[in-house]
Structures are given as structure tokens and as C-alpha cells.
Amino acid sequence: MDVRDLHPWPSTPEEAEAIQDLLRPMLELDVPGPAAPSTVAGLDVSYAGDGGGTGDRLAAAVVVLDGTTLEVVEESVAVGTAAFPYVPGLFAFRELPTLLEALRGLTTTPGLLVCDGFGIAHPRRFGLACHLGVLTGLPAIGVGKTAFIGTYDQPGARRGDAAPLRDGGEVVGRVLRTRDGVKPVFVSVGHRTDLGTACRNVLALAREYRLPETTRRADRLSRDALAAASG
DNA sequence: GCGACAG
DNA sequence: ATCTTGTCGC
């Protein structure tokens, strides 16, 4: 089954926003998240060409790591095309179909999904991590490399230092330093977890590099898959 | 009104 | 996201 069979695929930003509004009530927030998931999946997508419009060639990768040793347990890739043009706030519609196809290729059911991008730190509180969480029913978090929405004070310079990410009077995420003196990452809850647990998960996954090992592995796999697909 | 804007 | 040369540093 394809996500595009669940409901008409949006052809306009208005329709895409309506879908986000429809799915948002299904989010389970502020529930205790997985403190020590036995497996954690990282997801990422690589594009061929400019990567701005519909139809761009892409490769989606999912890498499942052992939650304790961080060793690779399973990998899955899917190649496809962007299902929506790039519009800030509607980013998920671009790669959702291909990401779900890659997830379907797994034998393992991950205890946590680590997504590239944001969860509720989003204009309508429904970023990619929320969308993937609701559709899979799995705990999910978003780890962004750059700011999107909200305001924050610069966190301390050491690994583990953090500052709340605020928007419209509410805390929507946390700016977290994963390495001493290195640019922080933006962590936000997607589904079935709390922010504190999400940040602890990220720190456990990012020991020697700024980004979680899950994200790094998925990034490399999606890149290789795209190249192998001849693009 | 003008700019900024996940990947 | 992707396109790209050189450059600084461990």
C-alpha cells in the first residue's frame, strides 16, 4: 500500500496544509519516550539535480542501528521522485512516499525514528517527524541542522548544553550542543516521545560527530544509492 | 508591506 | 537539497 492511496495526494499548498491539519490531532505528545530503544532508525534523502521541483530524482535511505552499540542492524533504500515542490513548511510531502517505501523494506521495527528536519517545531506544528510518526505509529524525533522557526538564546559551548526553542509563547524544541564548540542542532519532538528523552537519545547517538550516527549513515547510504541508480 | 524560510 | 576551489587544522 502507498501513502498516496490513503487520501488524494495534494496538488496545491492549500491541500497539503489541510492534510497536516487533519493528521495533527493524531499526534501523541508529552508521553514518555523510549529511554533506551533497542534499535534506532535514521532516515535521509539525497536528490539529483537542483532538488526544487516535483519529479526530481531522489533516493531515500533508512539505516537501523543497535541502540547500545550503534552497529548497523539493517539498511533499506528506495529510489523515486519528489512528490511535491519544495515549500518551507510542506517539505515532508516531497519525500514522504519514497521514505515510507524504504521503511516498508525493513524487517526490523525500529524503536525510534530519527528524521532529518523538524517535528512540532513547525509553523503548523506538523513537520516531517510528526508526519512519519503518525503514519508509522512509531516514536519519532526531528533533528535539524539549521533554524527554521522560533527564537532561542545561544546554548553553552559544551556538549550537552542546551537552550529552549520558543515560538508563539510555547517551547517547541531545544537547541542542543552535541560537541564542544561546534554549531548546535535543533531537536524537536515528532510523535510518542518527550523532549527530554529526545535530546538524551540524540546525545547518545552523536558521540564523535555533530550529527547523530543514524543520520550520518542514512545520508551516506542515500547518496550511494542515488549514484548507483545511475543519476 | 518586506524579508525569511527544514531539505 | 545540490553545485563547487581552496583553505585551515587535527
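Letters A, B, ... mirror the listed sequences (proteins, then strands); counts begin at 1. Predicted model, so just to flag it, every value in this text is computed and none were measured.
Using a 30° and 60° split on the angle between ring planes, A/F118 and A/F148 fall in the tilted class, from 30° to 60°.
Stem analysis of DNA chain B (Watson-Crick or G-U pairs, both distances under 3.5 Å, runs of at least three) returns none.
The distance from atom CZ of A/R94 to atom P of C/dT2 is 11 Å, rounded to the nearest whole Å. For A/E95 and C/dA1, the CD to C1' distance is 9 Å, given to the nearest whole Å. In this structure, the NE2 atom of A/H131 is 18 Å from the P atom of B/dG7, given to the nearest Å. To the nearest angstrom, P of B/dG7 lies 13 Å from CD1 of A/I149. The separation between A/D56 atom CG and B/dG7 atom P is 17 Å, rounded to whole Å. Atoms OH (A/Y152) and C1' (B/dA6) sit 13 Å apart, rounded to a whole Å. Between the C1' atom of B/dG7 and the OH atom of A/Y47 lies a distance of 6 Å, rounded to the nearest Å. One can place CZ of A/R124 at 12 Å from C1' of B/dA6, the figure rounded to the nearest angstrom.
If you check every strand for non-hydrogen atoms under 4.0 Å, A/L43 touches nothing. Residue A/G89 is classed as a base contact, given a heavy-atom separation below 4.0 Å to a base. Note on A/A147: only backbone sugar-phosphate atoms sit closer than 4.0 angstrom, heavy atoms only; bases stay farther off.
An aromatic stacking contact between A/F91 and the base of B/dG7 is absent, as defined here by ring centres under 5.5 Å apart and ring planes under 30° from parallel. With centres under 5.5 Å and a plane angle under 30° as the test, the ring of A/Y86 is not stacked against the base of C/dA1.
At the phosphate of B/dC5, neither OP1 nor OP2 sits under 4.0 Å from any side-chain N or O atom of A/T146. For B/dA6, neither phosphate oxygen OP1 nor OP2 lies less than 4.0 angstrom from any side-chain nitrogen or oxygen of A/K145.
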If a protein heavy atom is under 4.0 Å from the base, mark B; if only from the sugar-phosphate, S; if neither, -; do that for nucleotides 4-10 of chain C going 5' to 3'. -------
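A/L132 and A/T136 make their closest contact through O-OG1, 2.7 Å (heavy atoms, listed as atom of the first residue, atom of the second, distance).
When distances are taken from the side chain of A/F148 to each of C/dT2, B/dA6, B/dG7, the shortest belongs to B/dA6. Nearest nucleotide to the A/P88 side chain, out of B/dC5, C/dT2, B/dG7: B/dC5. Closest contact between the side chain of A/D116 and the listed nucleotides B/dA6, B/dG7, C/dT2 involves B/dG7.
For A/R24, the CZ atom counts as densely surrounded, since its 6.0 Å shell holds more than 12 non-hydrogen atoms of other residues, nucleotides or ligands.
In this structure the side chain of A/L128 reaches within 4.5 angstrom of the side chain of A/L96, judged on heavy atoms. Looking at heavy atoms from C-beta onward, A/L138 lies out of side-chain contact with A/R192 at the 4.5 angstrom threshold. Side-chain contact between A/L90 and A/R124 is present, with heavy atoms from C-beta onward closer than 4.5 Å.
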Using the rule given for ring-ring contact (aromatic ring centres under 6.0 Å, His included), can you reason through A/F93 versus A/W9, listing the C-alpha separation, both sets of side-chain angles and the distance that settles it, and then say yes or no? CA-CA 9 Å; A/F93 292 94; A/W9 196 246; 5.6 Å; yes
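Salt bridge status for A/R125 with A/D167: present, with a side-chain N to carboxylate O gap under 4.0 Å. Classification of A/R217 and A/D44 as a salt-bridged pair fails, no side-chain N sitting under 4.0 Å from a carboxylate O. Salt bridge status for A/R220 with A/D224: absent, with no side-chain N to carboxylate O gap under 4.0 Å.
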